[in-house]
**Student:** 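Take this structure, written in structure tokens, and hold onto it; I'll ask about it next.
Just so you know, ligand 1 is whichever comes first in the structure, and atom 1 is the first atom listed for that ligand.
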Amino acid sequence: MKKLAILASGSGSNAENLVNYFSNHPLARVELVISDRKNAFVHERMARLGVPSYYMNKEAFENGSVLTFLKEKEIDLVILAGFLKLVPKDLIRNFYNRIINIHPALLPAFGGKGMYGMHVHEAVVAAGETKTGITIHYVNENFDEGEIIAQYETALLETDTPQDVAAKIHELEMKWFPVVVEQLLRNEMPV
Ligand code: GRF
């Protein structure tokens, strides 16, 4: 049984979806959630689902406490789902190719520092894009630059607002993120 850890800073709808997908799953389960925000809504979602969620501050990420904790819990795969901090180098080195992220656009477009949440969808609409999508990728030391694992697209209408784009992205995320995690666990991941 592979153990998954999720890092999330916000609402946690992807975290909840992953927990549900992997509950009673033969391959893996979500062991715990870590948030860098004390009041993130993800904590409430996890409390409801009975999954431990921990608040760990900036210092805990920087001084190696988070890394030690993940190792103690024998985590196999770290999943970033709406996690806004840059992952520290020691964590990346120790979990090489075992940290993945979901980004709500078709990287390398609309990625990088500051490109998160509605900022992404606003930029996509402002650029007059005819499509957008989601990217699931390995995490390296720079925001949104690790090797791409999978991308899924959705068409945009000229009339789509950033809120419309967010809804389309949400649908793709709910449908595909757990499936990609499962595929990784089944055949491709060195875990
Ligand atoms: C998602 O759109 C994800 O792609 C992005 O941040 C959002 C997180 O939403 N990285 P939630 O916290 O999972 O509801």
Side-chain angles (χ1 to χ4, degrees), residues 4-23 30-49 51-56 61 77-87 91-92 99-127 129 131-154 156 160-184:
L4 314 177
I6 299 174
L7 270 51
S9 301
S11 159
S13 66
N14 280 281
E16 179 164 358
N17 190 40
L18 287 161
V19 167
N20 288 333
Y21 188 89
F22 287 104
S23 71
V30 176
E31 191 73 7
L32 59 96
V33 170
I34 296 174
S35 181
D36 59 327
R37 303 257 169 102
K38 205 184 224 161
N39 299 319
F41 188 63
V42 70
H43 294 300
E44 287 181 39
R45 289 187 196 262
M46 293 306 117
R48 233 184 284 137
L49 291 164
V51 173
S53 73
Y54 304 88
Y55 161 60
M56 297 185 87
F61 277 89
L77 177 66
V78 179
I79 301 171
L80 273 51
F83 184 67
L84 298 178
K85 268 181 71 58
L86 198 58
V87 179
L91 225 160
I92 290 168
I99 309 181
I100 65 171
N101 179 44
I102 185 159
H103 185 77
L106 296 170
L107 291 174
F110 305 105
K113 200 168 164 49
M115 276 293 171
Y116 62 89
M118 287 306 287
H119 299 298
V120 178
H121 311 314
E122 281 159 9
V124 165
V125 169
E129 296 292 315
K131 64 178 184 183
T132 186
I134 60 171
T135 303
I136 295 153
H137 64 94
Y138 289 108
V139 171
N140 71 12
E141 286 153 20
N142 302 314
F143 275 118
D144 303 329
E145 283 183 15
E147 191 193 336
I148 291 173
I149 299 164
Q151 293 187 306
Y152 298 91
E153 295 180 3
T154 184
L156 295 178
D160 277 344
T161 64
Q163 284 71 22
D164 296 327
V165 178
K168 289 180 174 182
I169 290 297
H170 182 74
E171 202 176 305
L172 284 182
E173 292 185 336
M174 294 299 111
K175 180 169 179 196
W176 291 112
F177 197 18
V179 174
V180 171
V181 171
E182 183 178 14
Q183 281 169 358
L184 276 178

**Student:** What I want to check is whether the side chains of Ser13 and Arg45 have a donor and an acceptor closer together than 3.5 Å.
**Tutor:**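 Ser13 vs Arg45: no donor-acceptor pair found between side chains.
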**Student:** Looking only at protein heavy atoms, which one is nearest to atom 4 (O) of ligand 1, and what is the separation?
**Tutor:**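 Checked against all protein heavy atoms, atom 4 (O) of ligand 1 sits closest to Glu173 OE2, 2.3 Å.
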**Student:** Between the main-chain N or O of Ala105 and the side-chain N or O of Thr132, is there a donor-acceptor pair closer than 3.5 Å?
**Tutor:**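 It does not hold such a pair.
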**Student:** Between Thr161 and Asp164, is there a side-chain donor-acceptor contact under 3.5 Å, judged purely by atom types and distance?
**Tutor:**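 On atom types as modelled, these side chains qualify, holding a pair under 3.5 Å.
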**Student:** Examine the side chains of Glu182 and Tyr21 and answer whether a donor and an acceptor come within less than 3.5 Å of each other.
**Tutor:**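 Their side chains do contain a donor-acceptor pair, which is all the 3.5 Å distance test asks for.
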**Student:** For ligand 1, is there an N or O atom under 3.5 Å from any N or O atom of Asn101?
**Tutor:**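 So ligand 1 has no N or O lying under 3.5 Å from an N or O of Asn101.
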**Student:** Assess the pair Tyr116 and Phe110: is the distance between their ring centroids shorter than 6.0 Å?
**Tutor:**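 No.
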**Student:** To which of Ala40, Ser13, Gly82 does the heavy atom nearest atom 11 (P) of ligand 1 belong?
**Tutor:**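 When every heavy atom of Ala40, Ser13, Gly82 is considered, Ser13 comes closest to atom 11 (P) of ligand 1.
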**Student:** Among Ile6, Val51, Val30, Leu32, which residue satisfies the side chain to side chain contact (heavy atoms under 4.5 Å, CB included) criterion with Met46?
**Tutor:**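 It is Val51; the other options fail the test.
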**Student:** For ligand 1, is any non-hydrogen atom under 4.0 Å from His170's backbone (N, CA, C, O), its side chain (CB onward), both, or neither?
**Tutor:**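 It is neither part, as no heavy atom is under 4.0 Å.
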**Student:** Would you call Ile102 a ligand 1 contact, heavy-atom distance under 4.0 Å?
**Tutor:**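 True for this residue.
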**Student:** Judged by non-hydrogen atoms, does Gly12 sit under 4.0 Å from ligand 1?
**Tutor:**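 Per 4.0 Å heavy-atom rule, Gly12 contacts ligand 1.
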**Student:** Give the atom numbers and elements of ligand 1 that come within less than 4.0 Å of a heavy atom of Pro104.
**Tutor:**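 Those of ligand 1 that fall under 4.0 Å from Pro104 are 2 (O), 4 (O), 5 (C), 10 (N).
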**Student:** Of all the non-hydrogen atoms in the protein, which one sits nearest to atom 9 (O) of ligand 1, and at what distance?
**Tutor:**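 Sorting protein heavy atoms by distance from atom 9 (O) of ligand 1 puts Asn14 ND2, 3.8 Å first.
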**Student:** Could you tell me which atoms of ligand 1, counted from 1 in the order shown, lie closer than 4.0 angstrom to a heavy atom of Ser11?
**Tutor:**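 Result: 12 (O), 14 (O).
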**Student:** Tell me the closest heavy-atom pair linking Ala40 and Ser35, and the distance in Å.
**Tutor:**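 That closest heavy-atom pairing would be CB-OG, 3.6 Å.
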